[in-house]
Colleague: 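I'd like to ask some things about the structure below.
Treat the numbers as computed from the prediction; the structure is a model and nothing was measured.
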Amino acid sequence: QVQLVESGGGLVQAGGSLRLSCASSGRTFSRYALGWFRQAPGEERKFVALITWSGTSRYYADSVKGRFTISRDNAKNTAYLQMNSLKPEDTAVYYCALGSYSTNEAEYAYWGQGTQVTVSS
């Protein structure tokens, strides 16, 4: 059983930064690609960023490209999402997930419970 726990969310002013962490239990973390998704109030969950199991390839949604950086440390079973130049429209619950290298959330088998990010203007 794989469990994912996100942390690092909070309230930040526009232009600020946050770093989200996604910690995994179990020994299968390094076998999967990892994705970050977010869900704003009243909206569907959307893709944010993903990284291959090895960390060699990354892909970002256009809305965060150049501002967010995804990374992972397989030795620590942990992934990160560094978020810079935050905007109010980045406000959402952020989820990490393990699965295939895809922007489609249906390709991800394991999900965390989410962490709230709120960006004030």
Colleague: Give a yes or no on whether Gln113 atom CD has more than 12 heavy-atom contacts from other residues, nucleotides or ligands under 6.0 Å away.
Modeller: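 Yes, because the 6.0 Å sphere around CD of Gln113 holds more than 12 heavy atoms from other groups.
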
Colleague: Would you check if the side chain of Ser121 reaches a backbone N or O of Pro88 as a donor-acceptor pair within less than 3.5 Å?
Modeller: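 No, because the side chain of Ser121 does not come within donor-acceptor range (under 3.5 Å) of the backbone of Pro88.
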
Colleague: Are the side chain of Ser85 and the backbone N or O of Arg67 linked by a donor-acceptor pair below 3.5 Å?
Modeller: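 Checking the backbone N and O of Arg67 against the side chain of Ser85, no donor-acceptor pair under 3.5 Å is found.
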
Colleague: If you take the centroid of each ring, where Trp contributes its six-membered ring, are Trp111 and Phe37 closer together than 6.0 Å?
Modeller: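 Yes - the distance between ring centres of Phe37 and Trp111 falls below the 6.0 Å cut-off.
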
Colleague: Do Arg45 and Tyr95 meet the cation-pi criteria used here (NZ or CZ under 6.0 Å from the six-membered ring centre, within 45° of the axis)?
Modeller: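 Judged by the rule (NZ or CZ under 6.0 Å from the ring centre, within 45° of its axis), Arg45 counts as positioned above Tyr95.
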
Colleague: Could you tell me whether Asp90 and Lys87 make a salt bridge, using a distance below 4.0 angstrom between a side-chain N and a carboxylate O?
Modeller: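 Salt bridge absent between Asp90 and Lys87.
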
Colleague: Restricting to non-hydrogen atoms, name the atom on Ala79 and the atom on Phe29 that form the minimum distance, rounded to 0.1 Å.
Modeller: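 Looking at all heavy atoms of both residues, the shortest contact is N-CZ, 3.9 Å.
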
Colleague: Check Ala92 against Gln116 and note the closest heavy-atom contact, atom names and distance.
Modeller: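 It is O-NE2, 3.4 Å.
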
Colleague: Find out whether Leu98 and Leu4 are in side-chain contact, i.e. whether some heavy atom of one side chain is under 4.5 Å from a heavy atom of the other.
Modeller: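 They are in side-chain contact.
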
Colleague: side-chain contact (heavy atoms from CB on, under 4.5 Å) for Leu81 and Val48? Distances and angles first, verdict last.
Modeller: CA-CA 10 Å; Leu81 185 67; Val48 175; 4.2 Å; yes

Colleague: What's the shortest heavy-atom distance between Met83 and Tyr94, and which atoms?
Modeller: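 Taking every non-hydrogen atom into account, SD-CE2, 3.9 Å.
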
Colleague: List the atom pairs, donor and acceptor, that lie under 3.5 Å between side-chain atoms in residues 9-20 and the rest of the protein, sequence neighbours left out.
Modeller:
{"residue": "Ser17", "atom": "OG", "partner": "Asn84", "partner atom": "OD1", "Å": "2.9"}

Colleague: Does Thr69 offer a backbone N or O that forms a donor-acceptor pair with the side chain of Gln82 under 3.5 Å?
Modeller: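 No; zero donor-acceptor contacts below 3.5 Å.
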
Colleague: Can you list the steps and then say if Asn74 with Arg72 is a side-chain contact (heavy atoms from CB on, under 4.5 Å)?
Modeller: CA-CA 6 Å; Asn74 287 339; Arg72 67 189 297 167; 2.8 Å; yes

Colleague: Check whether any side-chain heavy atom of Arg38 sits under 4.5 Å from a side-chain heavy atom of Val64, and report yes or no.
Modeller: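 Yes, at least one pair of side-chain atoms sits under 4.5 Å.
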
Colleague: Is the backbone N or O of Phe47 less than 3.5 Å from a side-chain atom of Thr103, with the two atoms forming a donor-acceptor pair by type?
Modeller: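 Not at all, since once roles are kept as given, no pair shorter than 3.5 Å links the two residues.
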
Colleague: In terms of ring plane angle, is the pair Tyr32 and Tyr110 parallel, tilted or perpendicular, where the classes change at 30° and 60°?
Modeller: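 Ring orientation, 0 to 90° scale: perpendicular.
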
Colleague: Are any of the side-chain heavy atoms of Tyr59 and Ile51 separated by less than 4.5 Å?
Modeller: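 A side-chain contact under 4.5 Å is absent here.
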
Colleague: When you measure from the side chain of Tyr108 to the backbone of Ser100, do you find a donor-acceptor pair of N or O atoms at a distance under 3.5 Å?
Modeller: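 Present.
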
Colleague: Could you give all pairs that pass the disulfide bond (SG atoms under 2.5 Å apart) test and reach residues 21-62, with sequence neighbours left out?
Modeller: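 The answer is Cys22-Cys96.
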
